[in-house]
2 protein chains.
Amino acid sequence: MEHALRRHLEELISLSNTEFELIASCFTSRRIKKKEFLFRQGDRVSEMYFIVSGLLKLIYTDESGKERILSFAMEDWWESDYEAFERGGPAKMSLQSLENCQILILSKENFTKLCNEIPKMAQFFLHKAIAGHIAAQQRVLSLMNDSASDRFDQLIQRQPSLIHRISKSTLASYLGVSRETLSRLSR
Amino acid sequence: MEHALRRHLEELISLSNTEFELIASCFTSRRIKKKEFLFRQGDRVSEMYFIVSGLLKLIYTDESGKERILSFAMEDWWESDYEAFERGGPAKMSLQSLENCQILILSKENFTKLCNEIPKMAQFFLHKAIAGHIAAQQRVLSLMNDSASDRFDQLIQRQPSLIHRISKSTLASYLGVSRETLSRLSR
DNA sequence: GAAAAATAGTGAGCCAGGTCACAGGTGGGG
DNA sequence: CCCCACCTGTGACCTGGCTCACTATTTTTC
């Protein structure tokens with residue numbers, strides 16, 4: 001639970017016990033079952049989530065009901081609808097679990113508090129935000145340059161374990177292709 | 001020059017004169033002509049750039065020589081190859097001007113120094129990084145959901161001024177379509 | 001101010017990937 | 001143990017967008 005968080009934080013910054021106690025006190029813990037939503041499109045989202053265990057999908061559903069997966073959130077990931085989180089508007093996306101999950105929740109107030117009281121935490125989140133930006137940019141490139149089957153191959157190389165945790169249809173809506181096309185790729 | 005930076009910073013945080021002097025002393029100023037590169041794919045990039053005036057493109061060129069535009073950097077934008085900047089590797093992208101530009105340069109050392117000495121600056125960069133992440137995520141969504149002509153229309157609505165500053169071919173490689181397809185869109 | 005280089009538009013043909021429809025497999029709940 | 005809901009594969013067909021080729025126009029460059 002919390003040691004997972006500490007281990008994760010200490011990959012980037014080092015913390016005294018008292019610092020970590022303050023940090024830990026800012027989070028609340030929650031356990032959710034498969035298929036539950038942490039939030040849905042339209043909700044106000046004023047929390048961010050640290051995934052201790054389990055797997056979730058961040059999805060956007062368009063008018064016609066088609067669902068696109070923006071990202072998978074798994075162990076040691078931070079996720080939220082950051083636009084809603086930052087600007088206080090309604091969420092454009094939903095965050096739904098694909099497995100039972102153990103989550104730590106950080107409210108926006110506590111996020112701000114942590115950034116102010118422990119400057120190292122602001123740095124930590126800065127690193128994470130930049131990493132998120134880099135990842136999203138690479139996804140843009142990949143969508144523009146690479147064919148569906150290229151993207152599929154790259155994912156297999158980068159996250160081989162993921163393949164066994166999700167269904168093919170789920171995978172397809174992450175890769176940005178139809179279920180049928182993905183099915184035909186492997187041959 | 002520097003008042004542009006101060007105005008920009010004070011949209012998010014407020015600064016005393018002494019604080020701003022420290023900040024300003026961390027930047028160096030540079031003027032570049034149209035078509036110059038601030039860096040190229042493969043370079044080490046240990047600086048980030050604040051655009052005072054002018055317009056640049058952040059591009060990725062693939063093996064076949066085809067060029068994709070990741071983003072346009074214009075007045076009041078920060079740009080760099082953030083992966084190279086963060087992790088110290090070679091740049092995957094190039095940053096090239098489309099117009100004459102006035103740039104302020106912040107080295108990685110000074111970036112770190114500013115974040116440490118003026119916590120407000122860490123917060124500022126955190127906001128900007130999150131905003132960058134949000135923007136890139138929306139681009140991912142748009143590439144997955146929308147047709148070329150949708151993306152074209154959206155761009156016209158969001159950045160009408162941009163259209164008059166760039167060529168159609170440049171625009172096409174930002175939208176992720178071929179020059180010919182873009183030409184046929186307007187019909 | 002002519003030659004060279006970008007920039008634009010347009011036709012023709014092609015193909016990756018989308019949609020629709022159907023059929024077989026799998027698994028967990030009652 | 002069976003049923004229903006979900007997942008997966010596959011065929012048929014269609015279309016948005018790509019490539020190639022050529023021409024016209026505008027912009028640079030010397």
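Within every chain, numbering begins at 1; the chains are lettered A, B, ... in the order of the sequence lines, protein sequences first and strands thereafter.
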Q. If you look at every strand shown and take non-hydrogen atoms under 4.0 Å, does B:Ser149 touch a base, only sugar-phosphate, or nothing?
A. nothing

Q: Measure the acute angle between the ring planes of B:Phe85 and B:Phe111, then classify it against the limits of 30° and 60° as parallel, tilted or perpendicular.
A: perpendicular

Q: Give the rounded distance in Å between these two atoms: CD of A:Glu180 and P of C:dG24.
A: 18 Å

Q) Checking all strands, does B:Thr181 fall into the base, sugar-phosphate, or nothing category for heavy-atom contacts under 4.0 angstrom? A) base

Q.
What's the separation between atom CG in A:Asp76 and atom CZ in A:Phe50, rounded to the nearest 0.5 Å?
A. 4.5 Å

Q: Respond yes when some side-chain nitrogen or oxygen of A:Ser169 is under 4.0 Å from OP1 or OP2 of D:dC6, and no when none is.
A: no

Q) Starting at CZ of B:Arg151 and ending at C1' of D:dG17, how long is that distance when rounded to a whole Å? A) 10 Å

Q: Could you say whether B:Lys35 or B:Ser178 is positioned toward the 5' end of DNA chain D, judged by the nucleotide with the nearest heavy atom to each?
A: B:Ser178

Q) B:Leu98 has an atom CG; how far is it from atom P of D:dT28, in whole Å? A) 13 Å

Q.
In whole Å, I'd like the distance from the CG atom of B:Leu185 to the C1' atom of D:dT15.
A. 14 Å

Q: Starting from P on D:dT25, measure out to CZ on B:Arg179 and report it in whole angstrom.
A: 16 Å

Q.
Would the base of D:dG16 count as contacting B:Arg184 through its side chain, where contact means a donor and an acceptor less than 3.5 Å apart?
A. no

Q.
Rounded to whole Å, how long is the line connecting atom CG of A:Leu143 with atom C1' of C:dA16?
A. 15 Å

Q.
What's the closest nucleotide to the side chain of B:Ala148 if the choices are C:dT19, D:dG17, C:dA12?
A. D:dG17

Q) Relative to each other, are the rings of B:Phe124 and B:His8 parallel, tilted or perpendicular (30° and 60° limits)? A) perpendicular

Q: Calculate the interatomic distance between A:Glu67 atom CD and C:dG18 atom P; express it in whole Å.
A: 16 Å

Q | Worked verdict on A:Glu36 versus A:Arg30 for side chain to side chain contact (heavy atoms under 4.5 Å, CB included) | A | CA-CA 12 Å; A:Glu36 270 189 68; A:Arg30 181 162 166 205; 3.7 Å; yes

Q) Do A:Ile13 and A:Met48 belong to the same hydrophobic cluster, where Ile, Leu, Val, Met, Phe, Trp and Tyr are linked whenever their side-chain heavy atoms lie under 4.5 Å apart, directly or via other members? A) yes

(Q) Side-chain N or O of A:Lys168 versus OP1/OP2 of D:dC6: is the shortest distance under 4.0 Å? (A) no

Q: Mind calculating the distance between CG (A:Asn145) and P (C:dA16) to the nearest angstrom?
A: 17 Å

